[in-house]
Amino acid sequence: MNDGLRADALPLTGRIAGQMAGRRILVSRAVQQAGKLSDGLKALGAVPVEVPVLEIRPPNSYAPLDKAIGALKSFDWLILTSVNTVQTLAARCVLQDVDVSEIELLKVAAVGSATAEAARKAGFRVTVVPDSYHSEGVVAALRNSVGGKRVLLARAQVARDVIPEALTAVGAQMTVVDAYLTALPDGAQAALIDALKAGVDAATFTSSSTVRNLAEVAREAGIGFPFADVKAISIGPVTSATLREFGWEPAGEAEVSDLSSLILAVARVLDGNPGSES
């Protein structure tokens, strides 16, 4: 995902910053990731209210990931699903003295521009960045290129099986390894209670995990979910679908599944114009 605001967002920023002033926006991303979204909201005059419901932790075992890294030269494709995946994979490569920049024949698909940027900085040669920043977008971008190929998918320990199932169906030889897992952080219940007591105008959701985990935190805190009189803004269609599973119709959805577009969607919803960003 992109960080910050795109250049074409600057006129919009100036136009509606006044309406955003003082509006309290719940940010449920992991502590390590919340800063960019919060900074973007502050740039519009909003008040980000950070209630992290995700904590990035090591997988139950690094053994499968390390084994795959040791055999990285034997793969035709590597799929990187997030910046967290890139960071973990790069760190494990260093531990094994594997220089990914020397693996010239490995093609890399990165989900989202931020993931692609992180991958390039780590030395990977990024070949494909799907137009849609979710599993279905990866499948659409690769389905005609991976038949008979060895494909390594590195991802969160709990993730949808859309990519491995769809690519296996077109003949890819899939290896799936866990790079990290997400868990509920300590103190989330108290933070949510305090946030809602002070008042929240809208809540941002950057993944299906943020929806499910926030719902779980609310349940444990004895708080009804969805939150009354709080507008939900989603980063994309998959996250929106998860919100609907919990009975929360999104008031807005990012046109592109990145932080910049999410921030603009928040601005438009609170400005009373949740339509297209174009």
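We use all heavy atoms of the structure for the numbers below, so side chains are in, but hydrogens, waters and symmetry mates are not.
Ile56 CD1 to Arg29 CZ: the interatomic distance, rounded to the nearest 0.5 Å, is 9.0 Å.
Counting only heavy atoms from C-beta outward, the side chains of Phe227 and Leu214 approach each other to under 4.5 Å. The side-chain heavy atoms of Leu26 and Thr204, taken from C-beta on, include no pair separated by under 4.5 Å. A 4.5 Å side-chain heavy-atom check between Val139 and Val170 finds every atom pair outside the cut-off.
Side chain of Ser261 to main chain of Ala254: no donor-acceptor pair is present (N/O by atom type, distance under 3.5 Å, no hydrogens or angles). Using modelled atom types, one side-chain atom of Gln96 and one backbone atom of Asp66 make a donor-acceptor pair closer than 3.5 Å.
Scanning both residues, Thr115 and Leu80, for their nearest heavy atoms gives CG2-O, 3.7 Å.
Scanning for side-chain contact (heavy atoms from CB on, under 4.5 Å) contacts around Ala154 gives Thr85, Val177, with sequence neighbours left out.
The closest side-chain donor-acceptor pair between Ser234 and Glu253, if any, does not fall under 3.5 angstrom. With no hydrogens or angles considered, a side-chain donor-acceptor pair links Tyr180 and Ser82 at under 3.5 Å. Side-chain atoms of Asp258 and Ser260 form no donor-acceptor pair, as typed in the model, at a separation below 3.5 Å.
Note on residues 181-197: pairs passing side chain to side chain donor-acceptor pair (under 3.5 Å), not counting sequence neighbours, are Gln189-Glu220.
Taking the ring centre of Tyr62 as origin, the terminal cationic atom of Arg92 falls inside the region bounded by 6.0 Å and 45° from the ring axis.
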